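Written below as structure tokens is the structure these notes are about.
Note: hydrogens, waters and symmetry copies are ignored here, and every other heavy atom, side chains too, is used. By convention here, the first residue in the shown sequence is residue 1. Only a predicted model underlies this, so the values are computations on that prediction, with no experimental measurement involved.
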Amino acid sequence: MKITAISRVGHDRIRTAGRDGAPFLLRLEGGGELQASAVIDASGTYTTPSVLGADGLPAYGEAQAAPFVDHALPDVLGADRGSYEGKHTLVVGAGHSAATTLLALAELADTRITWAIRAQNAGRTYGGGGADALPARGALGTRLRAHVDSGRITLAVGFHTYSITEDGGQVTVISRDPSGAEQSVTADRIVAATGYRPDHSIAAELRLDLDPILGSTRALAPLIDPNQHSCGTVPAHGVDELAHPESGYYAVGVKSYGRAPTFLMATGYEQVRSVAAALAGDWEAARDVRLDLPETGVCSSNLAEAQEVRVGLATGISGGLPATPLPLVTADAGGGCCG
């Protein structure tokens with residue numbers, strides 16, 4: 001079942017009296033409602049990808065070019081192979097999703113690949129190579145660099161997507177940098193690995209305290225700010241940093257990070273453990289947040305088989321989940337699905 005909106009029974013966002021004692025009201029797609037004493041929103045951001053336009057606005061013609069655009073991590077070597085093999089693909093983005101897609105495309109025969117990034121070099125994506133604290137991450141960057149150096153992948157730097165036009169079954173993407181200089185790429189497909197944005201509209205009638213830049217909670221924002229942190233330097237955080245003025249509502253996982261690309265699954269697991277402990281009334285466990293990450297922690301999910309072997313589901317924690325026990329929350333007999 002899909003939740004389309006969340007409120008409080010008998011309360012819109014304005015009404016205060018009796019608010020904290022009122023159960024949450026969850027409206028279902030297709031009709032019907034549920035009530036709950038608490039809500040954990042782990043709906044993610046996958047359905048709200050960021051735009052291709054370099055300034056945070058859609059590129060001119062981006063909506064019209066949608067049939068030619070796939071978002072992060074298409075199944076290049078599986079179900080989507082026919083869309084890419086023997087064609088020219090433009091991959092836009094400098095993160096590990098882009099790197100993973102580029103390496104998959106490089107395995108296809110007779111396939112041209114162009115990689116476009118806003119930076120003037122790809123050093124951040126290449127990472128630490130053999131010196132990386134996570135060998136699989138280093139190997140990812142090393143393999144990608146080798147393809148660029150050999151010419152298998154054409155790298156376009158300083159690429160600020162400005163407009164997209166379709167002609168004869170292909171798309172031409174124009175870059176216009178802040179100085180006004182232009183460059184262009186004509187391709188058959190575009191992979192927009194440009195990140196995701198949170199959508200808080202489901203909670204529009206709740207009282208949220210969101211950071212105006214990232215869209216995370218205001219307390220969490222300075223801990224995850226990509227201008228200051230990589231995913232490996234994000235400190236442990238839990239229920240206190242995830243709390244909103246709306247008592248009992250928590251967004252967890254990648255949605256809790258808003259636009260920050262510094263999320264690791266390990267941080268999400270610890271978030272959920274902390275929130276679950278708080279809902280169970282064990283505030284000591286809820287506030288005993290722990291996280292041990294290498295400073296070169298990977299900012300994406302399972303990138304390679306070696307990664308899976310070393311850290312288990314790409315959590316960033318050797319050996320898998322944090323060791324702190326996860327408390328159980330007992331659901332009210334008369335409540336809804338969320339206890």
Side-chain angles (χ1 to χ4, degrees), residues 41-59 62-63 65-66 68-76 89-105 114-120 122-127 137 140-141 144 155-162 164 173 175 189-201 210-217 220-234 251-268 297-303 314 316:
D41 183 350
S43 57
T45 58
Y46 192 73
T47 59
T48 50
S50 293
V51 298
L52 276 164
D55 302 314
L57 304 175
E62 184 167 340
F68 297 87
V69 179
D70 292 316
H71 294 284
L73 296 173
D75 189 6
V76 171
T89 299
L90 169 65
V91 178
V92 182
H96 288 86
S97 295
T100 302
T101 297
L102 289 161
L103 290 175
L105 287 168
T114 300
W115 176 26
I117 61 176
R118 282 185 294 182
Q120 291 301 318
R124 183 171 69 86
T125 310
Y126 293 151
R137 178 180 185 265
L140 184 78
L144 184 58
L155 175 62
V157 300
F159 198 94
H160 296 249
T161 304
Y162 177 74
I164 308 171
V173 183
S175 160
R189 300 292 304 172
I190 301 171
V191 176
T194 51
Y196 294 87
R197 300 178 176 187
D199 180 3
H200 296 290
S201 60
L210 298 173
D211 178 75
I213 299 172
L214 295 181
S216 66
T217 62
L220 182 59
L223 308 181
I224 62 175
D225 184 350
N227 296 293
Q228 303 294 330
H229 290 282
S230 72
C231 42
T233 65
V234 168
V252 299
V254 70
K255 185 171 183 176
S256 72
Y257 274 44
R259 292 199 192 189
T262 45
F263 177 75
L264 271 175
M265 290 174 67
T267 58
V298 202
C299 291
S300 58
S301 60
N302 193 9
L303 297 174

query = Of the non-hydrogen atoms in Tyr126 and Leu155, which two are nearest, and what is the gap between them?
reply = OH-CD2, 4.3 Å
inquiry  = Measuring from atom OG1 of Thr233 to atom CG of Asp225, what distance do you get when rounded to the nearest 0.5 angstrom?
reply    = 10.0 Å
inquiry  = Taking Val157's backbone N and O only, do any of them form a donor-acceptor pair with Trp115's side chain (distance below 3.5 Å, no angle check)?
reply    = no
key: Exercise: identify the closest heavy-atom pair between Ser97 and Leu73   = O-CD2, 3.8 Å
inquiry  = Does any part of the side chain of Pro74, heavy atoms only, come nearer than 4.5 Å to the side chain of Thr101, both counted from C-beta?
reply    = yes
message = Side chains of Val234 and Leu264, heavy atoms from C-beta outward: is any pair under 4.5 Å?
response = no
request  = Please name the pair of heavy atoms, one in Ser256 and one in Leu220, separated by the smallest distance, quoted to 0.1 Å.
outcome  = O-CD2, 3.5 Å
query = Which pair of non-hydrogen atoms, one from Leu144 and one from Ala99, has the smallest distance, and what is that distance?
reply = CD2-CB, 3.8 Å
inquiry  = Are Arg259 and Thr45 packed together at the side-chain level, in the sense that at least one heavy-atom pair is separated by less than 4.5 angstrom?
reply    = no
query = Are the side chain of Thr125 and the backbone N or O of Ala94 linked by a donor-acceptor pair below 3.5 Å?
reply = yes
task = Flag yes if more than 12 heavy atoms outside Arg118 fall under 6.0 Å of its CZ atom; otherwise flag no.
result = no
request  = Locate the shortest heavy-atom distance separating Val91 from Ala98; write the atom from each residue and the value.
outcome  = CG1-CB, 4.0 Å
task = Kindly indicate, with the supporting measurements, whether the criterion side chain to side chain contact (heavy atoms under 4.5 Å, CB included) is fulfilled by Ile190 and Leu52.
result = CA-CA 10 Å; Ile190 301 171; Leu52 276 164; 4.1 Å; yes
Any side-chain heavy-atom pair of Lys255 and Ser43 under 4.5 Å = yes
Distance, nearest 0.5 Å, that separates CD1 of Ile213 from CG of Asn227 = 8.0 Å
message = Test side chain to side chain contact (heavy atoms under 4.5 Å, CB included) on Thr47 and Asp199; report intermediate values, then the result.
response = CA-CA 9 Å; Thr47 59; Asp199 180 3; over 6 Å; no
note = Rounded to the nearest 0.5 angstrom, the OG-CZ distance for Ser230 and Arg124 is 10.5 Å
query = Does the pair Leu214 and Tyr257 meet the rule for a side chain to side chain contact (heavy atoms under 4.5 Å, CB included), with working shown?
reply = CA-CA 7 Å; Leu214 295 181; Tyr257 274 44; over 6 Å; no
task = Please report the closest heavy-atom contact between Thr262 and Ile224, naming both atoms and the distance.
result = OG1-O, 2.9 Å
ask   = Within a reach of under 6.0 Å around CG of Asp75, are more than 12 heavy atoms found that belong to other residues, nucleotides or ligands?
value = yes
message = Once rounded to the nearest 0.5 Å, what's the spacing between atom CZ of Arg197 and atom OG1 of Thr48?
response = 9.0 Å
ask   = OG1/Thr114 to CG/Leu102 distance, rounded to the nearest 0.5 angstrom?
value = 10.0 Å
query = So, does His200 use its side chain to make a donor-acceptor pair with the main chain of Gly215 at under 3.5 Å?
reply = yes
